[in-house]
Amino acid sequence: MAHFAEIDSSNTVLRVIVVADEHEANGAEWCHNLLGGTWVQTSYNNRIRKQYAGIGYTYDETADEFVSPQPHASWSLDANNDWQAPTAKPDGNFYWDEESLSWLAIPVG
């Protein structure tokens with residue numbers, strides 16, 4: 001089975017559908033003819049376009065890959081289209097706290 005993501009005019013993913021293998025070669029066109037819209041193939045196994053597209057992801061045409069939604073307002077994209085916190089995550093069990101703009105330890109127990 002092949003997977004195709006429908007994108008809007010700002011390249012935001014609207015939905016992802018499964019297409020039978022016999023339509024994979026011309027899947028984007030097949031999806032368009034059946035449902036309208038603009039379609040880009042995505043890979044459930046992350047084999048193409050960096051990662052599996054999901055609703056709200058963005059398709060970067062230049063890099064030909066999908067970019068996940070921004071996890072926090074303070075995070076920025078690096079050169080590899082990966083979101084980075086303002087400070088590196090320390091080793092261990094931490095979570096990002098947007099209010100304090102810092103990594104906080106996950107309480108044990």
Side-chain angles (χ1 to χ4, degrees):
M1 302 307 260
H3 298 83
F4 285 82
E6 181 182 17
I7 57 173
D8 65 15
S9 60
S10 62
N11 288 345
T12 301
V13 175
L14 302 173
R15 61 181 163 168
V16 179
I17 63 170
V18 179
V19 172
D21 287 337
E22 63 260 24
H23 300 297
E24 181 176 6
N26 66 338
E29 180 182 355
W30 186 85
C31 290
H32 174 76
N33 290 339
L34 183 67
L35 303 167
T38 302
W39 296 84
V40 179
Q41 188 170 9
T42 186
S43 171
Y44 190 75
N45 297 321
N46 304 329
R47 292 185 184 158
I48 60 168
R49 301 199 170 89
K50 187 173 178 133
Q51 57 195 334
Y52 184 70
I55 294 172
Y57 280 53
T58 303
Y59 175 61
D60 179 335
E61 289 182 83
T62 304
D64 191 28
E65 60 191 25
F66 290 100
V67 179
S68 65
Q70 186 176 18
H72 301 282
S74 64
W75 290 34
S76 57
L77 280 176
D78 65 15
N80 295 316
N81 272 340
D82 293 317
W83 291 104
Q84 299 298 325
T87 59
K89 184 179 179 186
D91 291 335
N93 293 322
F94 290 84
Y95 69 95
W96 180 254
D97 179 62
E98 186 67 11
E99 186 174 320
S100 65
L101 298 177
S102 63
W103 293 99
L104 301 179
I106 296 173
V108 177

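This chain uses plain numbering: 1 for the first residue, then up along the sequence. Just so you know, these numbers use all the heavy atoms, side chains as well, and skip hydrogens, waters and symmetry mates.
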Does a side-chain heavy-atom distance below 4.5 Å link [X] with [Y]?
X     : Y     : answer
Val40 : Arg49 : yes
Glu61 : Asp64 : no
Asn46 : Gln51 : yes

Taking only distance into account, with no hydrogens and no angle test, what donor-acceptor pairs under 3.5 Å do side-chain atoms of residues 78-89 form with protein atoms, sequence neighbours excluded?
{"unit_1": "Asp78", "atom_1": "OD1", "unit_2": "Asn80", "atom_2": "N", "d": "2.9"}
{"unit_1": "Asp78", "atom_1": "OD1", "unit_2": "Asn81", "atom_2": "N", "d": "3.2"}
{"unit_1": "Asp78", "atom_1": "OD1", "unit_2": "Asp82", "atom_2": "N", "d": "2.9"}
{"unit_1": "Asp78", "atom_1": "OD2", "unit_2": "Gln84", "atom_2": "NE2", "d": "3.1"}
{"unit_1": "Asn81", "atom_1": "ND2", "unit_2": "Asp60", "atom_2": "OD2", "d": "3.0"}
{"unit_1": "Asn81", "atom_1": "ND2", "unit_2": "Glu65", "atom_2": "OE2", "d": "2.9"}
{"unit_1": "Asp82", "atom_1": "OD1", "unit_2": "Lys50", "atom_2": "NZ", "d": "2.8"}
{"unit_1": "Asp82", "atom_1": "OD2", "unit_2": "Lys50", "atom_2": "NZ", "d": "3.4"}
{"unit_1": "Trp83", "atom_1": "NE1", "unit_2": "Ser68", "atom_2": "O", "d": "2.7"}
{"unit_1": "Trp83", "atom_1": "NE1", "unit_2": "Pro69", "atom_2": "O", "d": "3.4"}

(request) Group every Ile, Leu, Val, Met, Phe, Trp and Tyr by side-chain heavy-atom contacts under 4.5 Å, then state whether Tyr44 and Val13 land in the same group. (result)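 Linked, Tyr44 and Val13 end up in one cluster.
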(message) If hydrophobic clusters are built from ILVMFWY residues whose side chains come within less than 4.5 Å, do Ile106 and Leu104 share one?
(response)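 They do share one cluster, since a chain of ILVMFWY contacts under 4.5 Å joins Ile106 to Leu104.
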(message) Would you compute the distance between atom OH of Tyr59 and atom OG1 of Thr12 and round it to the nearest 0.5 angstrom?
(response) 13.5 Å
(request) Enter the distance from Trp103:CH2 to Asp97:CG here, rounded to the nearest 0.5 Å. (result) 10.5 Å
(request) Assign the ring pair Tyr52 / His3 to parallel, tilted or perpendicular, where the plane angle (0 to 90°) is split at 30° and 60°. (result) perpendicular
Can you name the closest pair of heavy atoms from [X] and [Y] and give their distance?
X     : Y     : answer
Glu24 : Phe4  : O-CZ, 3.8 Å
Ala53 : Val16 : O-CG2, 3.5 Å
Trp39 : Arg15 : CH2-NE, 3.6 Å
Leu14 : Ile7  : CD1-C, 4.3 Å

(message) Can a donor-acceptor pair be found, under 3.5 Å and without considering hydrogens, that links the side chain of Gln70 to the backbone of Ala73?
(response) yes
Under 3.5 Å, which donor-acceptor pairs link side chains of residues 28-38 to any protein atom two or more places apart or in another chain?
{"unit_1": "Trp30", "atom_1": "NE1", "unit_2": "His23", "atom_2": "ND1", "d": "3.2"}
{"unit_1": "His32", "atom_1": "ND1", "unit_2": "Gly37", "atom_2": "O", "d": "2.6"}
{"unit_1": "Asn33", "atom_1": "ND2", "unit_2": "Glu29", "atom_2": "O", "d": "3.4"}

(request) Kindly determine whether Val67 and Leu77 satisfy side chain to side chain contact (heavy atoms under 4.5 Å, CB included), including the steps that lead there. (result) CA-CA 9 Å; Val67 179; Leu77 280 176; 3.8 Å; yes
(message) We want to know whether Asn45 and Ser43 form a side-chain donor-acceptor pair, criterion being a heavy-atom distance below 3.5 angstrom.
(response) no
(message) Is it the case that atom CG in Asn93 sees more than 12 heavy atoms from other parts of the structure closer than 6.0 Å?
(response)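 Counting other residues, nucleotides and ligands, CG of Asn93 stays at 12 neighbours or fewer.
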